[in-house]
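Numbers for residues simply follow the sequence, beginning at 1.
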Amino acid sequence: MNNLQFRYKSTLVTNNSKLYRPPSFPPPDDWAVSVDENGNDLSLYGGGKWDFSAFGYTGYNFEKQNLDERNLALVKQAMIFILYHPSFYPGSYQSAKTHFQLLIKIATVCSRHKILLNEIYRFPKLFHEVSQSIQCSKTEEYLSYLHKFLAYSDELGFVIADKNMIGYLARNISDQAVIQHPYIPPRILSYQIKRFNECLDDFFAYQTQIISAFEWLSHAYNTNSEIMETTSMEVVFCSPFHKTLVYKNRITYPTGFNGFLKDYGLYELFSKWLLKEKLKSKETFRVSRFGKYFNLIRAVSIFYILNFSLQRRDEACSMRADCFSIENDHKLGPIAILSGETTKTDFDSDARWVVSQKVEKAVKALAIIAKLRLNHAPKSVQDEFKLNPFLLTPSYEPWQPGRNTGNAQKLKYVDFGTLDQIHPSFFDEKELLITEEDAQIALSLTPNLDQKEWFGIGKPWKFSAHQLRRTTCVNMFASNMVSDHSLQFEMKHLSRNMTLYYGRNYTNLRLNSDAETQLIVESYKSIYRQFTEVLENSYEYVRPHSKINVPVEIVNLVSDKEEKQFIDLAKKGEVGSRLTLLGLCLKRGVCEYGGIESVSKCAGGDGGNICSDAIFIRRNKEKLIKLRDAHKSKIEQIEIHSPRYKALTQEIKAIGIYLDVIERKQ
């Protein structure tokens with residue numbers, strides 16, 4: 001295997017060292033896996049201990065594990081794979097300890113039942129015992145490793161856990177006592193993103209006036225400050241809006257700050273985003289409101305980023321102006337990446353996140369504000385941070401109360417409480433009132449959420465930054481809840497790319513491992529969510545054919561509420577479910593036609609029959625009518641004999657067939 005080679009950065013091992021590359025895979029028992037401080041062979045592959053003390057870690061003790069020889073050999077093979085494979089190596093020998101613990105736990109169950117590590121996935125009756133053995137604070141990490149082992153099983157040489165086994169383990173994580181961060185219902189999430197979009201779009205619409213006004217204020221305060229220092233006058237007179245002091249060269253403005261904002265065309269903008277509705281046109285603004293508006297954009301931008309990434313709040317708050325980039329993938333084309341510091345201390349994370357390109361505008365807004373504020377930074381702030389500032393740069397403006405006068409380069413974080421303080425009516429509370437449908441969706445993903453005092457029908461939803469991360473995870477897998485309000489169709493490219501990159505090891509980039517873990521765990525949990533809804537709600541989920549293309553025993557299990565048996569069949573791949581523009585596809589395995597970009601094959605728009613695996617969702621009707629109308633507008637401008645004309649004609653026909661079916665089956 002050519003890509004296996006020594007990964008640890010050390011002068012003790014060179015390209016010519018024997019342990020730089022295994023002579024075979026698995027290597028022979030007499031091959032050295034480690035060296036001492038002088039570069040001499042220390043531990044052998046076939047030995048009972050692998051000593052990595054020369055590299056800062058005591059190593060792995062196989063003698064204490066009470067494994068039979070064949071399982072011990074498989075564990076060693078997997079460990080060498082971890083330490084020498086570019087996509088597996090976690091950055092240090094100590095970081096690989098978690099992988100070692102997982103392998104030992106599962107191999108111990110195997111030895112107890114006299115089966116091999118590469119056979120356990122064929123024994124579903126032992127899954128519960130494996131689940132019990134791996135329950136700890138690192139269980140989700142373990143599932144991520146198992147998923148990765150499966151993805152690289154061809155190179156590893158054997159399968160440890162297949163999708164059925166991983167799905168079982170994911171479903172049985174012992175977290176019932178903990179209330180997870182809630183999944184935000186689609187209606188509320190959509191409203192939140194709409195408000196953030198509106199706020200950021202307004203910022204860029206007024207960008208020229210904002211920068212011009214800020215630069216004038218900066219010049220005025222800097223000039224007046226120099227005069228005040230020579231005359232020992234109070235700092236308050238640095239403001240150009242105080243006219244009680246007449247002094248040579250002192251800059252003043254002919255009106256108050258309200259007039260200043262009107263002259264620069266910013267009064268309506270500040271009124272919209274800084275005042276409650278009932279106070280608009282009555283408020284006399286102070287110059288400190290300029291900083292308050294910047295703080296609002298700063299908070300909105302961070303939350304906007306969190307809506308389209310898998311970052312923790314503190315990770316988003318630690319990024320710098322150059323964090324956004326585009327990677328040109330040879331398969332998928334341009335992929336947006338965020339790079340930054342991670343709150344994780346292990347060396348196994350490269351602090352990169354795949355995001356939507358939508359995130360770029362939030363990063364730009366933060367960078368603009370940071371660079372403007374750094375014009376007033378103390379001299380003690382290093383040039384490095386002025387050239388490439390933190391996106392969460394604090395306020396240094398002389399007109400801002402509580403401004404940073406020290407050498408701090410960034411704020412620690414912002415949260416939704418910050419947003420409430422700046423603009424208590426940023427969200428219309430009526431839009432956030434939890435409906436019965438919202439509650440049903442939220443509880444389906446977080447069953448014990450009703451233990452929270454703030455949660456309940458008729459109460460306003462309470463946001464937190466951590467909710468955005470969990471919601472993004474769930475949305476990656478196109479749950480039927482998301483499609484209620486078209487979020488999946490709006491975000492389909494984001495979902496596909498993030499899923500491919502995190503979930504299927506589609507890239508050579510080493511992405512943030514914790515984000516990968518969260519996404520993989522959610523993927524296995526999400527497999528089971530759609531089945532019952534599809535089979536129970538025949539009005540909303542319209543069947544184009546007289547019979548649903550699902551085995552009768554599965555239908556009976558749903559009818560009889562035999563959830564466990566139903567899930568067992570789902571794990572075995574006996575049923576499939578994925579969203580399409582028309583509704584759902586129940587085809588097992590991969591569908592070559594997709595149903596996301598085109599629906600002609602799904603509904604027979606190409607002259608064929610409606611696909612036997614297709615289910616039409618009634619609530620998609622309005623979206624599809626709009627799509628059909630858009631196609632009709634485009635087709636008028638296209639050459640009639642062109643391939644594009646033919647394709648759009650088939651799409652229009654397919655949508656027409658969908659509409660006929662749902663009208664006929666009222």
Side-chain angles (χ1 to χ4, degrees), residues 186-187 190 194 332-333 356-358 475 477-497 499 530 533-534 537-550 576-666:
R187 182 190 66 81
S190 184
K194 178 183 175 182
L332 296 178
S356 166
Q357 292 191 29
K358 297 171 184 284
N475 288 347
F477 298 95
S479 68
N480 58 314
M481 285 77 73
V482 177
S483 67
D484 286 350
H485 296 276
S486 305
L487 281 178
Q488 176 58 28
F489 300 121
E490 177 186 344
M491 299 168 66
K492 61 181 179 291
H493 296 298
L494 164 67
S495 299
R496 179 172 181 262
N497 290 342
T499 303
Q530 293 181 5
E533 187 74 21
V534 172
N537 190 348
S538 59
Y539 175 78
E540 180 62 32
Y541 295 86
V542 180
R543 304 170 186 177
H545 304 284
S546 58
K547 292 184 179 180
I548 189 170
N549 192 24
V550 174
S577 178
R578 67 183 64 80
L579 280 176
T580 68
L581 283 170
L582 299 178
L584 288 166
C585 173
L586 300 185
K587 181 180 175 66
R588 288 176 287 178
V590 177
C591 176
E592 59 184 303
Y593 302 116
I596 293 295
E597 302 291 350
S598 171
V599 297
S600 61
K601 293 288 185 182
C602 303
D606 60 347
N609 297 320
I610 300 175
C611 176
S612 61
D613 294 305
I615 297 290
F616 296 164
I617 295 181
R618 196 178 294 277
R619 59 177 170 268
N620 290 358
K621 177 181 176 180
E622 292 183 10
K623 297 193 294 282
L624 287 163
I625 290 175
K626 290 179 181 178
L627 182 60
R628 182 190 61 179
D629 293 344
H631 287 338
K632 287 181 177 179
S633 297
K634 289 179 184 177
I635 208 168
E636 294 175 356
Q637 308 167 21
I638 298 174
E639 171 61 39
I640 192 169
H641 297 297
S642 67
R644 180 62 175 157
Y645 183 94
K646 180 181 178 181
L648 287 178
T649 301
Q650 292 178 353
E651 293 298 301
I652 292 169
K653 182 179 178 182
I655 295 173
I657 292 171
Y658 159 88
L659 294 172
D660 288 342
V661 170
I662 64 169
E663 290 299 324
R664 191 169 67 248
K665 302 213 170 194
Q666 290 285 356

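- To the nearest 0.5 angstrom, Ile662 atom CD1 is 9.0 Å from Glu540 atom CD.
- With rounding to the nearest 0.5 Å, the separation of NZ in Lys601 from CG in Asn609 is 11.5 Å.
- Contact annotation: the side chain of Ile617 approaches that of Leu584 to within less than 4.5 Å [non-hydrogen atoms, C-beta and beyond].
- Within the model, atoms CZ of Arg543 and OG of Ser612 stand 14.0 Å from one another, a figure rounded to the nearest 0.5 Å.
- Contact check for Ile635 versus Ile652: side-chain heavy atoms found under the 4.5 Å cut-off.
- A search for side chain to side chain contact (heavy atoms under 4.5 Å, CB included) contacts involving Ser642 returns Ile638, Glu639, Arg644, Tyr645, not counting sequence neighbours.
- Of all the heavy atoms in Ile655 and Leu624, the pair that sits closest is CG2-O, 3.6 Å.
- Residue pairs meeting the ring pair (Phe, Tyr, Trp, His ring centres under 6.0 Å) criterion with at least one partner in residues 617-643, sequence neighbours excluded, are absent.
- Here the straight-line distance linking atom OG of Ser600 with atom CD1 of Ile657 works out to 9.5 Å at 0.5 Å rounding.
- Taking a 6.0 Å sphere around CG of Asp660, one finds it holds more than 12 heavy atoms contributed by other residues, nucleotides or ligands.
- Residues Lys646 and Glu651 form no side-chain contact, since every pair of their non-hydrogen atoms from C-beta on lies 4.5 Å or further apart.
- With hydrogens and angles ignored, the 3.5 Å screen pairs a side-chain donor or acceptor of Asn620 with a backbone N or O of Leu581.
- Taking 4.5 Å as the limit, every side-chain heavy atom of Ile610 sits out of range of all side-chain heavy atoms of Tyr658.
- Under the 4.5 Å side-chain criterion, counting only non-hydrogen atoms from C-beta, Leu659 is in contact with Ile625.
- Although no hydrogens or angles enter the test, the distance criterion places no donor-acceptor pair under 3.5 Å between the side chain of His545 and the main chain of Asp613.
- When all heavy atoms of Ala614 and Pro544 are compared, the pair lying nearest together is O-CD, 3.3 Å.
- From Leu648, atom CG reaches atom CD of Glu636 across 11.5 Å, with rounding to the nearest 0.5 Å.
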